[in-house]
S.K.: 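Handing you this structure, nothing more for now.
All values below were derived from every heavy atom in this structure, side-chain atoms included, with hydrogens, water molecules and symmetry-related copies excluded.
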Amino acid sequence: MSAIGVSANRLEILQIAKAVAEEKSIDQSIVIEAMQEAIEKAAKAKYGQEHDIRAKIDPVTGEQTLLRVQTVVSDEEFEDEAKQLRLTEAKRIDPSLELGSELTEELPPFDFGRVAAQTAKQVIMQKVRDAERERQYNEYKDRVGEIISGVVKRVEYGHVIVDLGRAEGIIRRNDGIPRENFQPNDRVRAYLYKVRETKGPQIFLSRAAPDFMVRLFAQEVRK
């Protein structure tokens, strides 16, 4: 992902967006928005943070456009030379411009430097993580009270991380059955008792909750 830049191959941009979206089970448009934000951040580092710079990636063709934008304001309200343009000056450029109009200047493509590329990668991955958390929250928030099946991914300090397919759950040490040991790739069933919309663990599972045994027994009876 460090190769992403305004001058990158159009097809490559779309391929990267598609691959990340599929891997994280999120909409491709979210990845493209993150790429645009990363390009804008890198461009501001080059042209100046004071400018209103906007990047656009066509989701169909992969064509990339980088624009510097100035908003037309009245002469009396003018206060920011980088982002604003006086109405009298705007009229000299284009008589059709009115208050609130935006004058755009297309900027040339550029290659990310090493630092800019790393910053872009961080911006993209952070936005992808945020979208992934939101997707997991929406997918599981209405499943509280269910028994969930998964595969043990790893065990950390007594906490069992469970792969649920499109998400990860956690059985914290206090939510496990005493002296019960799990190894990676073990199948496990647990009671989903809490889902949080936050950073870090979101889906909390228990094998010690009384409701787990009640629900498990009910499942067996129905068989």
S.K.: Using links of under 4.5 Å between side-chain heavy atoms of ILVMFWY residues, direct or through other members, which residues join Val144 in one cluster?
M.R.: Tyr137, Tyr140, Ile148, Val152, Val155, Val160, Val162, Leu164, Ile171, Phe182, Val188, Leu192, Val195, Ile203, Leu205
S.K.: Rounded to the nearest 0.5 Å, what's the gap from CZ on Arg92 to CZ on Arg86? Could you check?
M.R.: 9.5 Å
S.K.: Tell me if the CG atom of Asp75 is crowded by more than 12 foreign heavy atoms within 6.0 Å.
M.R.: yes
S.K.: Out of Arg154, Gln202, Gln136, which one pairs with Glu168 under the side chain to side chain contact (heavy atoms under 4.5 Å, CB included) rule?
M.R.: Arg154
S.K.: Do Phe204 and Ile147 sit in the same hydrophobic cluster, where Ile, Leu, Val, Met, Phe, Trp and Tyr count as joined when their side-chain heavy atoms come under 4.5 Å apart?
M.R.: yes
S.K.: Walk me through it: do Leu103 and Ile93 pass the test side-chain contact (heavy atoms from CB on, under 4.5 Å)?
M.R.: CA-CA 9 Å; Leu103 185 69; Ile93 297 172; 3.9 Å; yes
S.K.: Run Arg135 and Arg166 through side-chain contact (heavy atoms from CB on, under 4.5 Å) and show every step you take.
M.R.: CA-CA 9 Å; Arg135 191 265 303 161; Arg166 286 163 49 89; 3.4 Å; yes
S.K.: Out of curiosity, Thr71 OG1 to Leu97 CG, how far, rounded to the nearest 0.5 Å?
M.R.: 11.0 Å
S.K.: Output yes when Glu98 and Lys91 qualify as a salt bridge under the 4.0 Å nitrogen-oxygen rule, no when they do not.
M.R.: yes
S.K.: Restricting to non-hydrogen atoms, name the atom on Val151 and the atom on Asn185 that form the minimum distance, rounded to 0.1 Å.
M.R.: CG1-CA, 3.5 Å
S.K.: Find the distance between CD (Glu105) and CG (Leu66) and round it off to the nearest 0.5 Å.
M.R.: 10.0 Å
S.K.: Any donor and acceptor pair, going by atom type alone, linking the side chain of Arg173 with main-chain N or O of Tyr157 inside 3.5 Å?
M.R.: yes
S.K.: With no hydrogens and no angle check, is any side-chain donor or acceptor of Glu102 less than 3.5 Å from a backbone partner on Gly100?
M.R.: no
S.K.: Could you state the interatomic distance from CG (Asn181) to CD (Gln183), rounded to the nearest 0.5 Å?
M.R.: 7.0 Å
S.K.: Working to the nearest 0.5 angstrom, can you tell me the gap between Thr61 OG1 and Leu14 CG?
M.R.: 7.0 Å
S.K.: Identify the heavy atoms of Glu139 and Arg143 that sit nearest to each other, and give their distance.
M.R.: O-CD, 3.7 Å
S.K.: State plainly whether the residues Asp58 and Lys56 are in salt-bridge range, i.e. N to O under 4.0 Å.
M.R.: no
S.K.: State whether the side chain of Arg207 and the backbone N or O of Arg189 hold a donor-acceptor pair below 3.5 Å, judged by distance alone.
M.R.: yes
S.K.: Do other residues, nucleotides or ligands put more than 12 heavy atoms under 6.0 Å from Lys194 NZ?
M.R.: yes
S.K.: Scan Lys83, Glu40, Gln70, Arg68 and name whichever one has a side-chain hydrogen bond (donor to acceptor under 3.5 Å, both in side chains) with His51.
M.R.: Arg68
S.K.: Would you compute the distance between atom CD1 of Ile177 and atom OG of Ser206 and round it to the nearest 0.5 angstrom?
M.R.: 8.5 Å
S.K.: Other residues, nucleotides and ligands only: do more than 12 of their heavy atoms fall within 6.0 Å of CD on Glu81?
M.R.: no
S.K.: So if you build clusters from Ile, Leu, Val, Met, Phe, Trp, Tyr with side-chain heavy-atom gaps below 4.5 Å, do Tyr47 and Leu85 land together?
M.R.: no
S.K.: Between side-chain atoms of residues 31-38 and protein atoms elsewhere (two or more places apart, or another chain), which donor-acceptor pairs fall under 3.5 Å?
M.R.:
{"from": "Gln36", "atom 1": "OE1", "to": "Ile57", "atom 2": "N", "distance (Å)": "2.9"}
{"from": "Glu37", "atom 1": "OE1", "to": "Lys127", "atom 2": "NZ", "distance (Å)": "3.2"}

S.K.: Any non-hydrogen side-chain atom of Ile53 less than 4.5 Å from a side-chain atom of Leu107?
M.R.: yes
